[in-house]
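Shown next, in structure tokens, is the structure this report addresses.
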Amino acid sequence: MHKIIVDNDSIILQNENYLDIEKNKDVTLYLFGEGKTIINVLEDCKLTVYHLGVDISNDIQINLNGKNSEVKYYYSVVNYQDNVLKIVINHNSSNTYSNVYNHGVNVLDKSLRFEVSGVVPKNILGCSCNQENRIINMSNGKSMICPNLLIDYFDVSSSHAAYIGKFSDDVLFYLMSRGISREKSYSLLIKSFLVPTDIDKEKVEDFMVNIENI
Amino acid sequence: MLDIEDLDVIVKEDGKKILNKLSLNIKAGEIHAIMGPNGTGKSTLSKVILGHYKYEVVGGDILFNGQSIKNLTTDERARFGIFLAMQDPITIEGLNNSEFLKTAVNEKTKEKVDLYSFIKELNELLGKLKLNQSIFHRSLNQGFSGGEKKKNEVLQLRILKPKLIILDELDSGLDVDSLKVVCENINEYLKDNTDTSVLIITHYPRILDYIKPNFVHIIKDGTIVRTGDMSLALQIEKDGYGSINNIEEAGLNA
Ligand SMILES: Nc1ncnc2c1ncn2[C@@H]1O[C@H](COP(=O)(O)OP(=O)(O)OP(=O)(O)O)[C@@H](O)[C@H]1O
Ligand SMILES: [Mg+2]
């Protein structure tokens, strides 16, 4: 089940895991925890979601149902057990825009999988559908990224980037050359990787404590 | 301050020899310049002094204030007071520049940074370096111009207050006015910290007009082949490195 903090009172909760985002609204949503969630975004609405957690699995569907609707989805997870993120963005209307940033730190030897799909059906015009998936392995975990762009029309701009690996040694060298210990350097890097820059840090204090403890 | 004795260095990965019995002695308060053709080991030397992970010291030693540092970690060496302004400073997306700086100061002093004086000092330095305040709130070096990156290195230098400053091609990427600003800034620091030493790696004598070296060394094939004064730098600029082999020591010092 999700615990939801709403930055803005324009969200109508129909069901704990069903959300409709009203027309014409800019909404920022903070999601914690795991579960199955469907979010419908209506016309001219800009939705930003920060979804953070430790050891969470999620099945998320975002329906861009209204014209000119946009979603930016930031998913950040610290992984100790086996977990999966499934996220589908359906561009059901023209001129819709999606940007999905999934970042995971896989701490131990367990598996972390991102299945990320962007869907643009036939005759939907002027969409932009983008995803970036990155997993940092701290040990020898089994990390997997499965990006899908299911695009049935030519008039779409889309991009995806994927990375699985360690933090770069050159980056570590730079930080340590400024007198920052290896441990503290890792903690800075993890924080910058998992906490999006524009986030309201007060709303994610628990998560910040969790990443300090990695 | 810095004693490098017969240093042999290889690339860990393939065993390629980069530095060859290189010796260099820098005393407190001295300014040394190193010049040399591309690919002769200048940047490698600067990184090895800080214990870069790609290189292995297979012979000789590096002493800092009489103590061997060759087995210390990079951060330990840095906290001793060695600062390297890098030839190509890296970018770290998402890492806030001011948080990075604050952490570095914290790690060095082991005390919580007094925010008020920290910000005051930063603002003063920004003004002096002619850097826009917005760089604090941006990710480390992300989207910075070449010159801004170099200035950001000098900003870090000033904040961390090193005893040995290594400048690896600080002058590359800086326009003439910026070079002047940056060098004046370093000189201001040196005036207040007279026992701080400097090692300047460069291809051009211009930077040495601002930060005047006591010694100029020429490095070739991973070792220092000649040491002189400023006139050596000017000669290199005029005649190139080819001229070095043809000139007798005596003629050089005349
Ligand atoms: N990690 C490495 N792996 C392989 N070769 C390396 C590595 N680092 C340095 N070298 C080689 O060692 C030599 C010296 O490199 P270095 O970067 O120290 O040169 P430099 O004197 O700083 O040159 P420049 O004036 O072009 O900056 C070069 O031939 C370079 O290719
Ligand atoms: Mg170099």
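Quick note on labels: first sequence line is chain A, next is B, and so on, each numbered from 1.
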Of all the heavy-atom pairs spanning [X] and [Y], show the shortest one and how long it is.
| X | Y | answer |
| --- | --- | --- |
| A78(B) | G179(A) | CB-N, 3.3 Å |
| D75(B) | S181(A) | OD2-CA, 3.2 Å |
| K47(B) | F173(A) | O-CZ, 4.2 Å |

Report task. Look at K108(B), E99(B), H137(B) and state which one has the largest set of heavy-atom pairs under 4.5 Å with chain A. Result ->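 Ranked by heavy-atom pairs under 4.5 Å with chain A, first place is E99(B).
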Please check if the number of heavy atoms outside [X] that lie under 6.0 Å from its [atom1] is greater than 12.
| X | atom1 | result |
| --- | --- | --- |
| H203(B) | NE2 | yes |
| K12(B) | NZ | yes |
| K161(B) | NZ | yes |
| K46(A) | NZ | no |
| K120(B) | NZ | no |
| K86(A) | NZ | no |
| N213(A) | CG | yes |

For [X], is it the side chain, the backbone, both or neither that has a heavy atom under 4.5 Å from a heavy atom of chain A?
| X | result |
| --- | --- |
| F100(B) | both |
| L95(B) | both |
| N141(B) | side chain |
| L140(B) | side chain |
| P89(B) | both |
| E76(B) | neither |

Distance-only donor-acceptor hits, side chain of residues 50-60 of chain B, under 3.5 Å, sequence neighbours excluded:
unit_1, atom_1, unit_2, atom_2, d
H52(B), ND1, K54(B), N, 3.1
Y53(B), OH, D170(A), OD1, 2.7

Requested in this report: Check whether L189(A) gets within reach of chain B through its side chain, its backbone, both or neither, counting any heavy atom under 4.5 Å.
Outcome: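 L189(A) touches chain B through side-chain heavy atoms alone.
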Query raised in the report: Is the shortest distance from a Lys or Arg side-chain nitrogen in E153(B) or R178(A) to a carboxylate oxygen in the other one below 4.0 Å?
Result: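 Here E153(B) pairs with R178(A) in a salt bridge, since their nearest N and O are under 4.0 Å apart.
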Requested in this report: To the nearest 0.5 angstrom, please state how far the NZ atom of K184(A) sits from the OG1 atom of T103(B).
Outcome: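 Spacing of NZ (K184(A)) from OG1 (T103(B)) equals 5.5 Å.
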Requested in this report: Going by the side chain to side chain contact (heavy atoms under 4.5 Å, CB included) test, name the single residue among I90(B), I92(B), T74(B) that passes it with L175(A).
Outcome: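 It is I92(B), the one option of I90(B), I92(B), T74(B) that forms the side chain to side chain contact (heavy atoms under 4.5 Å, CB included) with L175(A).
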**Report entry** Partner set under side chain to side chain donor-acceptor pair (under 3.5 Å) for Y50(A), not counting sequence neighbours
**Finding:**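 Per chain and number, Y50(A) pairs via side chain to side chain donor-acceptor pair (under 3.5 Å) with no residue.
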